[in-house]
Amino acid sequence: MAEPYAIQTKNLSKSFKGKPAVDGLSLDIEDGEIFGLVGPDGSGKTTTIRLLAAIMDPSSGEASTAGFDTVRQPEQIKRCIGYMAQRFNLYRDLTVLENLNFYADVFDVIGQQRERRIDRLLQFARLTEFEDRRAAHLSGGMQKKLALACTLIHKPRIIFLDEPTTGVDPVSRREFWDILSTLHMEGITLVISTPYMDEAERCSRVGLLHLGRLLLCDTPEQIKQKVAGELVAIWPSDLHRARELLANLETVIQVQTYGQQLRLITTDSARTAADARAVLEENDIQIEDMHRTQPRMEEAYISLIGQANAIGKANKIGQASKEPPR
């Protein structure tokens, strides 16, 4: 496995104590993509990134990063990638500038080249005025930006970011993504794990993970089209009672709550709208607004999990029916 892909995997698996954390993963990630590994805790995101960054070896299967085999050529990989761990792992007792100089030493960035890169990274991460502040005294958002700046000190071709905005306030999260967008425009390949579906929308392509397996890999727009059914949004005057009533409609597959809004995944949006209006009026519940709408990434992901679980359950039942009686 090699060029033109930045990363390739084939049936990549990793188990811990006999339990698969990554199960038969096959991926092709192109140069210059923002690729999102999306899923909840326990879906295999961190393990996948560590396998691709040659931090751990797989139990089976194979992977290449930047054209190098992750098992046979880990040192070559580490020279051309950046890796930003989920937890802040820089030296808290060192200042911003001292941390950058330390990582420059690690990657043999010396002389005027070092000075130019550090100065550029301080400006890029908006940390110039904080260069003498200890890392421990930075806000969560600034710590994340410092960690990214240290990751960029040797100009990596590929950057792995493991849930980089977890625990960061909304303003800092937006600033962080502005920085990532700039890196993307410079042609750097970004592999980002995230549990946030709004961040998945920012990626070129997304791999949806569930229990270590890849459910689907596609663009955000294409993934949203995979929702089984149509979507109707309703703003009722009594959210709790309306949810109970609408969940029992024949055409409704699922009801989800977003603030004061109910979103109904349905097999027939026109019939659902008519039935919903009737049942809510019968129960003296006013409809402030109701219209058909487009699915979000979260709804697509939940829908795909439901489909995968249904298939898995059907397969188990089929296997059990084939077993000879004891």
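Numbers here are sequence positions counted from 1.
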Worked verdict on Asn101 versus Leu97 for side chain to side chain contact (heavy atoms under 4.5 Å, CB included) = CA-CA 6 Å; Asn101 274 302; Leu97 187 58; 3.7 Å; yes

Just wondering, do Leu180 and Leu148 contact through their side chains at under 4.5 Å, heavy atoms?
-> yes

Does Lys224 come within less than 4.0 Å of Glu221, counting only side-chain N to carboxylate O?
-> yes

Taking the inter-plane angle between the rings of Phe107 and His154 on a 0 to 90° scale, is it parallel (under 30°), tilted (30 to 60°) or perpendicular (over 60°)?
-> parallel

Same cluster or not: are Tyr103 and Phe124 linked, directly or through other Ile, Leu, Val, Met, Phe, Trp or Tyr residues, by side-chain heavy atoms under 4.5 angstrom apart?
-> yes

Quick one: closest heavy-atom pair of Ser204 and Pro220, and the distance?
-> O-CD, 3.7 Å

Applying side chain to side chain contact (heavy atoms under 4.5 Å, CB included), run through Leu280 and Leu246 and close with a yes or a no.
-> CA-CA 8 Å; Leu280 294 181; Leu246 296 176; 4.3 Å; yes

Separation of Ile188 CD1 from Leu183 CG (nearest 0.5 Å) = 4.5 Å

So, Asn283 side chain and Ile285 main chain: donor-acceptor pair closer than 3.5 Å or not?
-> no

ILVMFWY network linking Met142 to Ile153, side-chain heavy atoms under 4.5 angstrom | yes

Quick one: CE on Met84 to CG on Asn89, what's the gap to the nearest 0.5 Å?
-> 8.5 Å

Please assess Thr46 against Asp162 for the test side chain to side chain donor-acceptor pair (under 3.5 Å), listing each intermediate value before the final yes or no.
-> CA-CA 6 Å; Thr46 295; Asp162 190 6; 2.8 Å; yes

Reported CZ-to-CD1 distance for the pair Arg277 and Ile234, which is rounded to 0.5 angstrom | 8.5 Å

Verify the cluster assignment for Trp235 and Leu249: are they in a single hydrophobic cluster under the rule of side-chain heavy atoms below 4.5 Å apart?
-> no

Verdict with reasoning, Phe102 to Cys150, per side chain to side chain contact (heavy atoms under 4.5 Å, CB included) = CA-CA 9 Å; Phe102 173 80; Cys150 291; over 6 Å; no

Evaluate the side chain to side chain donor-acceptor pair (under 3.5 Å) criterion for residues Asn248 and Glu244: first the C-alpha distance (whole Å), next the side-chain angles of each, then the deciding distance (0.1 Å), finally the verdict.
-> CA-CA 7 Å; Asn248 293 321; Glu244 291 181 344; over 6 Å; no

Write down the atom of Ala135, the atom of Leu146, and the distance for their closest heavy-atom approach.
-> CB-CD2, 4.1 Å

If you look at every heavy atom in Lys45 and Pro195, which pair is closest and at what distance?
-> CE-N, 4.4 Å

Determine whether Gln260 and Glu288 make a side-chain contact, defined as any pair of heavy atoms from C-beta on separated by less than 4.5 Å.
-> no

Quick one: do Asp105 and Arg114 satisfy salt bridge (Lys or Arg N to Asp or Glu O under 4.0 Å)? Show the steps, please.
-> CA-CA 9 Å; Asp105 287 337; Arg114 172 189 292 210; 2.3 Å; yes

For residues Leu215 and Tyr301, determine if any side-chain heavy atom of one lies less than 4.5 Å from a side-chain heavy atom of the other.
-> yes

Least distance between heavy atoms, Ile49 atom then Val191 atom = CD1-O, 4.4 Å

Over all heavy atoms of both residues, which pair between Lys145 and Leu127 is shortest? Give the atoms and the distance, please.
-> C-CD1, 4.1 Å

Near Glu129 CD, under 6.0 Å, is it more than 12 heavy atoms from other residues, nucleotides or ligands?
-> no

Taking all heavy atoms of Ile223 and all of Ala300, pick out the closest pair and write down the distance.
-> O-CB, 3.6 Å

The residue among Thr182, Ile192, Asp198 that forms side-chain contact (heavy atoms from CB on, under 4.5 Å) with Trp177 is Ile192

Does some side-chain heavy atom of Glu163 sit less than 4.5 Å from a side-chain heavy atom of Tyr196?
-> no

State, with a plain yes or no, whether a side-chain heavy atom of Ile7 is found less than 4.5 Å away from one of Phe160.
-> yes

Is there a side chain to side chain donor-acceptor pair (under 3.5 Å) between Ser59 and Ser15 once you walk through the steps?
-> CA-CA 6 Å; Ser59 302; Ser15 296; 4.5 Å; no

Do Met297 and Val206 touch side chain to side chain, with heavy atoms closer than 4.5 Å?
-> yes

Hey, could you give me the NZ/OG distance between Lys144 and Ser139, rounded to the nearest 0.5 Å?
-> 11.5 Å

Walk me through it: do Asp69 and Ser64 pass the test side chain to side chain contact (heavy atoms under 4.5 Å, CB included)?
-> CA-CA 4 Å; Asp69 186 272; Ser64 70; 5.6 Å; no

Spatial distance of atom CG (Leu12) from atom CG (Leu214) [nearest 0.5 Å] = 11.5 Å

Is there a donor-acceptor contact under 3.5 Å from the side chain of Thr9 to the main chain of Leu25?
-> yes

State plainly whether one hydrophobic cluster holds both Leu211 and Leu51, where clusters connect Ile, Leu, Val, Met, Phe, Trp and Tyr through side-chain heavy atoms under 4.5 angstrom apart.
-> no

With the side chain counted from C-beta on, respond yes when Lys78 and Glu75 share a heavy-atom pair under 4.5 Å apart, and no when they do not.
-> yes

Is the backbone of Glu33 close enough, under 3.5 Å, to the side chain of Arg205 for a donor and an acceptor to pair up by distance?
-> no

Does Glu199 pair with Arg173 as a salt bridge, N-O distance under 4.0 Å?
-> yes

Under the 3.5 angstrom rule, does the side chain of Gln76 hit a backbone N or O of Phe68 as a donor-acceptor pair?
-> no

Within a reach of under 6.0 Å around OH of Tyr91, are more than 12 heavy atoms found that belong to other residues, nucleotides or ligands?
-> no

Exam field: side chain Ser13 to backbone Gly24, donor-acceptor pair closer than 3.5 Å | yes

Student check: side-chain heavy atoms of Arg133 and Leu138 closer than 4.5 Å = yes

Under 3.5 Å, is there a donor-acceptor pair between the side chain of Thr293 and the main chain of Leu231?
-> no

Leu208 reachable from Ile305 in the ILVMFWY side-chain graph, under 4.5 Å edges = yes

Just by distance, do the side chain of Glu299 and the backbone of Arg296 share a donor-acceptor pair under 3.5 Å?
-> yes

Roughly how far apart are Gln113 CD and Lys155 NZ, rounded to 0.5 Å?
-> 7.0 Å

Hey, does the side chain of Thr65 reach the backbone of Leu52 with a donor-acceptor pair shorter than 3.5 angstrom?
-> yes

Give a yes or no on whether a salt bridge exists between Arg157 and Asp31, defined as a side-chain N under 4.0 angstrom from a carboxylate O.
-> yes

